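These notes are about the structure you will find just below.
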Amino acid sequence: MQVFKSLKHWLVLGLGAALVCNTPAQTPVEATPPKLPNVVILATGGTIAGTGATSTTTVGYTAAKVGVEQLIDAVPALKQVANVRGEQVFQVASENMTNDLWLKLARRVNELLARSDVDGIVITHGTDTLEETAYFLDLVVKSEKPVVLVGAMRPSTAISADGPINLYNATILAGSKEAVGKGVLVVLNDQINSARDVTKTNTSTADTFRAPDLGFLGYMQDNRAHFYRAPLRKHTQETEFDISKLDSLPKVDIVYGYENVSRVPIDALVGAGDKGIVYAGVGDGSVHKDIMPALMDARKKGVIVLRGARVGSGIVARNGEVNDDKYDFVVSDTLNPQKARILLMLALTRTDDTKEIQRMFAIY
Ligand code: SIN
C-alpha cells in the first residue's frame with residue numbers, strides 16, 4: 001500500500017514537471033521595489049547613546065557617548081524600511097536639557113520638514129526629559145509630517161538593549177502615512193504615545209512610558225504602526241506659537257507642594273524675575289494656607305500663577321479647591337507640572353492676559 005502511495009506521488013510530480021516543461025517560456029515580471037520614505041534621524045544623546053562598563057551594566061552607565069552614525073549602523077534593518085540619514089544636533093544626557101537646546105532642535109526640525117525630500121523625523125533622546133522635549137515640539141513644529149521621539153532604558157552595550165528595536169520602530173513610524181497629522185509621537189516598548197499625554201513613570205523599567213488615564217495611541221508590531229486612537233488637543237501646525245524669531249523663552253519655574261511647605265522658593269523666584277510659577281499642588285491642586293499669601297503676592301507683581309497638581313493624573317478643577325477667578329490664577333487642566341510649565345512659557349510669548357492663557361490650557 002505504502003509503495004503504491006509513493007508511486008502515485010512520483011507520477012503526479014512527474015506529470016506536473018512535464019506540464020511545466022511544455023509551457024512556453026515567459027519573461028519574469030520584475031516586482032517594482034516599494035519607494036522608501038526619507039527619514040532623518042536627529043540624535044541628541046541619552047541612554048540610547050549610552051555605554052556601560054560591562055554587558056550587565058544597566059544602571060550607573062554613561063549616557064550620550066555614541067554618535068548618530070554608530071546608532072544607525074547598529075541597526076542594518078533600518079535601510080530596508082527607510083532612506084535614513086543622521087545628524088548629531090547635540091550630545092547630552094537629557095537631565096541637562098535647556099531652552100536654548102530646545103530652540104535649536106525645533107528650528108532644525110522645522111527646516112527639515114519644510115523640504116520635499118524629507119518625509120519624517122526621528123529624534124533620539126534621553127528618557128528623563130523626553131516627554132518635555134516632545135511636548136515642546138508638539139506645540140512649535142509647523143508641519144503635519146511625523147516627528148517621533150525615541151529613547152532607551154538600557155545603554156547600547158547592555159544585554160537586551162532596547163535602543164535598536166525602539167529606533168527601528170521609530171523609523172518605521174516616522175516614515176508611515178498613519179503617523180501624519182497625529183502630532184509629535186513617542187515610541188518605546190512597542191507602544192505609540194502622544195507627546196501631550198505621555199510621561200515617564202518608572203525609574204528603570206522598559207515599560208516606563210505611559211499616558212495615565214488617557215492611554216497610548218497604538219502599537220508597533222509586524223513592522224508597521226497600528227493606531228487605535230488619535231490626539232484631539234490642538235498641536236503642531238494648528239498652534240499659535242512661532243519660535244522662528246525667538247532667541248529665548250520667558251522664565252517659568254515649578255514649586256512643589258507638600259506638608260509644611262515654605263514660601264521661600266516662591267519669593268526667591270519672583271525676586272529672580274520669573275514671569276510665571278507653576279505650583280504643583282497636592283490633590284486637586286490644593287494650596288497650603290501659608291502659601292496662598294506668597295502666590296497672591298506673586299500675582300500682584302505681575303507673575304502668572306498656574307495651579308497644577310503633583311498627583312500625576314486628572315483635571316485640576318478651575319475654582320475648585322481655590323477661587324481662581326478671585327485670585328486671577330490659571331489652572332493646568334490635565335497637564336503635569338513639567339508640561340504645564342512648557343505651555344505657560346509659550347503662552348507668555350503671546351500674552352500675559354490670564355483669560356487668554358486659560359483658553360490655551362483648554363485647547364492644547
Ligand atoms: C537621559 O535622560 O539622558 C538619561 C536617562 C535615559 O536616557 O534613560
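Start at 1 and go down the list; that is how both ligands and their atoms are numbered. Just so it is clear, the structure is predicted and the values come from calculations on it, not from any experiment.
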At under 4.0 Å between heavy atoms, which part of Ala152 makes contact with ligand 1: side chain, backbone, both or neither?
-> backbone
Which atoms of ligand 1 are found less than 4.0 Å from any heavy atom of Ala93?
-> 3 (O)
A student checking ligand 1 against Gly46 at a 4.0 Å heavy-atom cut-off should list atoms 3 (O), 7 (O)
Just checking, any donor-acceptor pair under 3.5 angstrom between side chains of Asp207 and Thr205?
-> yes
Say whether Asn336 and Glu131, considering side chains only, have a donor N or O and an acceptor N or O under 3.5 Å apart.
-> yes
Side-chain donor or acceptor of Asn189 paired with backbone N/O of Gln191 under 3.5 Å | no
When you measure from atom 6 (C) of ligand 1 to every protein heavy atom, which one gives the shortest distance, and what is it?
-> Thr47 OG1, 2.7 Å
Considering the options His235, Arg233, Lys339, Lys234, which one meets the side-chain contact (heavy atoms from CB on, under 4.5 Å) requirement together with Asp138?
-> His235
May I ask you to test the Tyr61-Thr157 pair for a side-chain heavy-atom distance under 4.5 Å?
-> no
Option with minimal heavy-atom separation from atom 7 (O) of ligand 1, where the choices are Leu188, Thr127, Thr208, Val92 | Thr127
Please work out which of Ser204, Ser94, Gly50, Gly151 has its closest non-hydrogen atom nearest to atom 1 (C) of ligand 1.
-> Ser94
